[in-house]
2 protein chains.
Amino acid sequence: MARTGRPREFDREKAIETAMNTFWEKGFESTSLADLRTVLNLSSASFYAAFGSKKALYEECLKRYTDTCGEVTSYLDDSSKSPKQAIQSMLRHTVTVQTSSTSPQGCMAVLSGMNCCDDNKEVETLTYSVRKQTRDAIFRCVKRGIERGELAATTDAESYTLMLDSFVKGISIQAKDGATEEQLLAAVDYLLMNWTSPMN
Amino acid sequence: MARTGRPREFDREKAIETAMNTFWEKGFESTSLADLRTVLNLSSASFYAAFGSKKALYEECLKRYTDTCGEVTSYLDDSSKSPKQAIQSMLRHTVTVQTSSTSPQGCMAVLSGMNCCDDNKEVETLTYSVRKQTRDAIFRCVKRGIERGELAATTDAESYTLMLDSFVKGISIQAKDGATEEQLLAAVDYLLMNWTSPMN
DNA sequence: TAATTTATGGATCAATCGTTCTATAAGTGA
DNA sequence: TCACTTATAGAACGATTGATCCATAAATTA
């Protein structure tokens, strides 16, 4: 049973991907409706009919981001790997994605919705929740590391997580500032020397 | 020889400090002229007579920031301390400033000018240069550490710096997201276990 | 006191913001 | 074919953006 009415002339899924890259690169506030209409090649009416509002589209884009490029929990919750290996895989993947020349540099959840004006605090909150998801997953991984004896039993899981997650979030700034994949992978290696293992 | 003309009715230095805190908290793009006029309690004419433009005021505020709260090179270039101690002092100071309840959380150079619209790329560039200054100072400190034998001679100074600086920049995100001074100081301690010293 | 200089309050500017409206086009179902 | 539904292009909306103008106020200098 086909849908009635005039069919949409553009691919909504592709549009979300394009918009995601725009928000990712420029940030929510600095991406105007005019910007979006330009990259999507849409009239105002089509835009609003398809997406509802700028904010609603951002929400869809952020979801798309966490479902694709920004997805990291699968690495961190993979208990077939040792926690250290899981963290290492996540970090390397993060570096590769955030320095790729085929997408904007840095992490969308760190760069696109940190500082919004008063009218758009929901965007900040939404973006924060994505950052929190990653931190929570790191926390789970660190706890596994302690349980398995891969990290000292005295390790403060919360602070150790904060140490790792600060580094993760900092990668975004470095990538945005022009650090290369090679340099950041080396930085990851240095960080992981910190993984205090009785087995090393 | 006193200045001629009607005297200014407000304290320009205090105004810069107030504006600095506003830019620091909300970011350049999300701080409107109306916001500034409100917190400074100024008419448009007075604002433009005193500061020239929003961009020019931001520039002064960023300078004020690097001269005061955001100043870290003195810690890093203090050769009376060991490089590790210098890094540690810098990190602890950074955490304390960025989690202080008397000023906005996080670092102004990371949070206030990362993502500007096309018209304000100079603001991005300016803010970037502040981030770079810190990174350069860390680099000098790391090199001293290698020279003094405090870090392995094989250490890649650039990547090691990137590791430390990523953590530094990440502190801003964590502070903005609500991490406390205590938690972040503990994270600093964990990070510095990474300082590979033949003397430890 | 008069001339000069700078600051102030408040109206106003063009441009842009995100959004909505109107008329028309293009499809489906009866 | 005709009613119905949805999409389109493009004008237009009120609000806000950063910035300027104008008349007046308050100081210094002569």
Side-chain angles (χ1 to χ4, degrees), chain A residues 1-16 18-19 22-23 26-62 112-113 115-124 126, chain B residues 1-16 18-19 22-23 26-62 112-113 115-124 126:
Chain A
M1 177 76 125
R3 224 169 57 108
T4 173
R6 178 173 173 177
R8 189 174 277 134
E9 289 180 5
F10 64 97
D11 184 332
R12 196 176 183 281
E13 294 305 304
K14 281 187 187 168
I16 287 178
T18 304
T22 307
F23 279 132
K26 313 179 70 160
F28 178 80
E29 294 282 358
S30 293
T31 301
S32 68
L33 248 293
D35 290 334
L36 291 169
R37 300 208 303 110
T38 299
V39 297
L40 301 180
N41 195 28
L42 287 183
S43 72
S44 286
S46 296
F47 178 92
Y48 280 91
F51 305 115
S53 71
K54 181 186 172 187
K55 220 175 278 189
L57 174 58
Y58 178 83
E59 198 162 340
E60 287 202 68
C61 290
L62 194 62
S112 74
N115 259 329
C116 296
C117 63
D118 297 336
D119 291 341
N120 298 318
K121 287 299 169 192
E122 317 150 56
V123 170
E124 273 189 14
L126 206 65
Chain B
M1 176 78 124
R3 223 168 57 107
T4 172
R6 176 174 173 175
R8 189 174 278 133
E9 289 180 5
F10 64 96
D11 184 332
R12 196 177 184 281
E13 295 304 304
K14 281 187 187 169
I16 288 177
T18 304
T22 307
F23 279 132
K26 313 178 68 159
F28 178 81
E29 295 281 359
S30 294
T31 302
S32 68
L33 247 295
D35 289 334
L36 291 168
R37 300 207 304 109
T38 299
V39 296
L40 301 180
N41 196 28
L42 287 182
S43 73
S44 286
S46 297
F47 178 92
Y48 280 92
F51 305 115
S53 70
K54 180 186 172 186
K55 221 175 278 188
L57 174 58
Y58 178 83
E59 199 164 341
E60 287 203 70
C61 290
L62 193 62
S112 75
N115 259 328
C116 296
C117 64
D118 298 335
D119 290 341
N120 298 320
K121 287 300 170 192
E122 317 150 54
V123 170
E124 273 189 15
L126 204 68

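A, B, ... follow the sequence lines: proteins, then strands. Residue 1 opens every chain. What you see is a predicted model; the values in this text were computed from it and never measured.
When rounded to the nearest whole Å, the span between CG of N120(B) and P of dC17(C) equals 12 Å. Taking atom CG on D35(A) and atom P on dC17(C), their separation rounds to 7 Å, with Å as the unit. Between the P atom of dA7(D) and the CG atom of N41(A) lies a distance of 17 Å, rounded to the nearest Å. For R6(A) and dT6(D), the CZ to P distance is 14 Å, given to the nearest whole Å. What separates CZ of F47(A) from P of dC21(C) is a distance of 17 Å, to the nearest Å. Rounded to an integer number of Å, the gap from CZ of R37(B) to P of dG9(C) is 10 Å. Computed from coordinates, the L33(A) CG to dA15(C) P distance equals 20 Å when rounded to whole Å. The nearest whole Å value for the distance from the CZ atom in F51(A) to the C1' atom in dA7(D) is 13 Å.
A close approach under 4.0 Å does not occur between any side-chain nitrogen or oxygen of Y48(A) and OP1 or OP2 of dT20(C). OP1 or OP2 of dC4(D) has not a single side-chain nitrogen or oxygen of T4(A) nearer than 4.0 Å. Checking the phosphate oxygens (OP1, OP2) of dG10(C), no side-chain nitrogen or oxygen of S43(B) falls inside 4.0 Å. Within the structure, every side-chain polar atom (N or O) of S46(B) is placed at least 4.0 Å from both OP1 and OP2 of dA7(C).
Looking at N115(A) and E29(A), their side chains never bring a donor and an acceptor atom within 3.5 Å of each other. Side-chain atoms of S32(A) and D35(A) form a donor-acceptor pair, as typed in the model, at a separation below 3.5 Å.
Using a 4.0 Å heavy-atom distance criterion, F10(A) is classed as a sugar-phosphate-only contact.
Comparing S32(A) and S44(A) by the nucleotide of DNA chain C whose heavy atom lies nearest to each, the residue mapping closer to the 5' end is S32(A). Sequence order on DNA chain D of the closest nucleotides to R8(A) and A45(B) puts R8(A) first from the 5' end.
Side-chain N or O atoms of N120(A) include none that pairs as donor or acceptor with a backbone N or O of V123(A) at under 3.5 Å. K54(B) places a side-chain N or O within 3.5 Å of a backbone atom of F28(B) that can act as its donor or acceptor partner.
Closest approach to the A34(B) side chain among dA19(D), dT5(C), dT17(D) is made by dT17(D) (side chain taken as heavy atoms from C-beta onward).
Ring geometry, F23(A) versus Y58(A): the interplanar angle exceeds 60°, so the pair is classed perpendicular (tilted spans 30 to 60°).
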